[in-house]
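Counting starts at 1 for both ligands and their atoms, following the listed order.
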Amino acid sequence: MTYDIVIRGGTIVTATDTVVGDVGINGRHVAAIGQKLEGRQVIDAAGLLVMPGGVDGHCHIEQDEADGTVHEDTFDTASASALAGGTTSVVCFSNQLPGRPLVEQFEYYQAKGRRSRIDYAIHQIVTRADEETLETGIPRVVELGAAGLKIFMTYDDFHLGDGDILKVLSAAKRANTLVSVHCENYEAIAFLIRQYLERGETAPYFHALSRPPVVEREATYRATCLAELIQQKLQVFHVSCPEVAHEIARGKARGVPVMAETCPQYFVLKSEDMNREGFEGARYMCSPPPRTPADSLGLWECVRQGVIDVISSDHCGYSYDGPRGKSRHGRDAPFSVVPNGIPGLATRLPLIYDEGVNKGQITLNQFVALVATNPARRYGLYPRKGSIAPGFDADIVLWDPRRSVTITNSMLHHAIDYTPYEGRSVTGWPVMTLSKGKVLMQDNVIMDGAPEGEFLNPRAL
Ligand code: URP
Ligand code: ZN
Ligand code: ZN
Ligand code: ZN
């Protein structure tokens with residue numbers, strides 16, 4: 001048997017196994033793992049790790065906002081950035097806009113994804129619990145292939161009260177889909193923001209102080225209890241610190257179907273990063289905010305215990321400068337009007353590899369589980385995405401574990417004018433990314449060609 005491509009002599013790493021050998025690829029699929037395989041094209045992987053391409057379960061790409069703006073990173077640029085960082089599938093967000101039926105928005109957003117270079121699935125954000133949304137919208141978008149729903153307990157344009165959350169959880173249960181939730185107490189944050197603004201404390205650092213761990217912990221406890229009441233599966237997004245993870249562990253212990261995701265920023269950034277000269281701190285502003293170094297260390301323990309089992313980027317397409325950027329209202333604007341979120345699609349794997357694997361916090365197999373296999377399972381993309389085995393899509397990253405790189409924004413290929421990780425050095429870097437059997441990134445060069453990303457419908461894989 002001669003395969004189309006053989007990736008020869010690398011260390012093949014999955015969530016469960018590590019073997020030195022060859023991967024045989026035919027067309028878009030992995031066809032074999034073995035020794036001395038023959039291929040029409042041979043890629044030498046000696047000294048490299050051969051891992052499933054990353055599955056990023058939480059990326060805001062070309063997202064439509066209620067104020068009429070659209071996130072700056074498009075499917076074209078964001079998917080290039082994903083490839084540069086070894087990620088081969090994304091789950092992004094269709095946002096429910098005022099006055100627009102849920103199904104219409106889902107189909108509109110799904111069509112934008114045709115410009116993606118890599119495969120994409122979609123979470124549907126639900127911002128209101130009216131009859132049309134509950135009775136028609138939710139069941140229909142799930143049929144059309146939504147990977148799940150996202151709801152918010154904070155943000156003026158998004159937040160749902162407890163009654164509406166219960167309605168959405170019930171509708172999701174009927175439609176048999178996952179609900180992911182942004183847990184922060186809306187009223188408590190509004191109270192704190194008012195207090196800081198009245199005192200003239202408007203700099204970016206007060207963003208962190210206005211969203212302390214207790215507002216996230218309380219909302220996480222409440223969301224977990226609401227899920228308990230309905231017996232509906234719930235994922236808490238972007239868990240920022242151990243005290244929040246502990247609420248989820250308590251929920252799990254009493255049998256609530258609750259799960260947790262976290263993101264690289266909670267391991268490598270800190271709230272003090274927002275405490276810089278002038279407006280510079282806005283570069284690190286996301287919600288929940290990064291916490292303390294002790295919190296970051298404690299989060300690894302929650303990962304090892306399995307309380308947190310998915311790491312996504314929460315990539316957000318806001319530049320620092322420009323009309324849609326963080327400074328859109330000026331560099332002296334109060335923190336409360338600065339858009340939240342930071343870019344992170346390309347840097348997710350390198351940061352978690354460096355902080356997690358190199359520093360002995362997790363094993364290589366746990367790394368693959370956290371960034372690829374577990375998210376693929378959670379969003380219904382497995383067994384097509386998330387591992388290397390016969391029958392899986394040949395979505396593969398070749399990783400040089402010895403390569404040291406100083407991160408600069410110019411190497412990330414996104415449409416955003418900064419990275420919060422500028423100047424940070426990491427060891428371990430993707431040198432080649434294949435999507436469905438095609439080399440789409442080599443040595444930080446993104447291959448030209450028509451976009452071949454396909455919509456991933458978990459109900460029809
Ligand atoms: O600050 C953040 N995370 N912005 C993105 C939207 C969200 O909450 O996930
Ligand atoms: Zn969120
Ligand atoms: Zn997000
Ligand atoms: Zn297939």
> At a 4.0 angstrom heavy-atom cut-off, what protein residues surround ligand 1?
Replying inline: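 Residues near ligand 1: His58, His60, Lys150, Phe152, Tyr155, His182, His238, Cys286, Ser287, Asp314, Cys316, Asn340, Gly341.
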
>> Quick test of your reading of the model: are Arg378 and Glu261 salt-bridged, counting only N-O distances below 4.0 Å?
In response: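 Result for this pair is no, no salt bridge flagged.
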
>> Determine whether the aromatic ring centres of residues His182 and Tyr155 are separated by less than 6.0 angstrom.
In response: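 Yes, the ring of Tyr155 comes within the 6.0 Å limit of the ring of His182, centre to centre.
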
>> Are Phe152 and Phe237 an aromatic pair, judged by ring center distance below 6.0 Å?
In response: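 No, the ring centres sit 6.0 Å or more apart.
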
>> Return all protein N, O or S atoms below 2.8 Å from the Zn ion (ligand 3), chain by chain in residue order.
In response: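 Protein N/O/S atoms under 2.8 Å of the Zn ion (ligand 3): His58 NE2, His60 NE2, Asp314 OD1.
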
>> To the closest 0.5 Å, what do you measure between OG (Ser170) and CD1 (Ile230)?
In response: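 Going from OG on Ser170 over to CD1 on Ile230, the span is 3.5 Å.
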
> What is the distance from atom SG of Cys302 to atom CD1 of Ile308, rounded to the nearest 0.5 Å?
Replying inline: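 The CD1 atom of Ile308 is 5.0 Å from SG of Cys302, to the nearest 0.5 Å.
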
Just checking, is any N or O donor in the side chain of [X] or [Y] under 3.5 Å from an acceptor N or O on the other one?
{"X": "Thr74", "Y": "Arg115", "answer": "no"}
{"X": "Gln96", "Y": "Thr133", "answer": "yes"}
{"X": "Tyr320", "Y": "Glu280", "answer": "yes"}

> Where is the tightest heavy-atom contact between Ala219 and Asn185, given as atom of each residue plus distance?
Replying inline: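 For Ala219 versus Asn185, the nearest heavy atoms are CB-N, 3.8 Å.
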
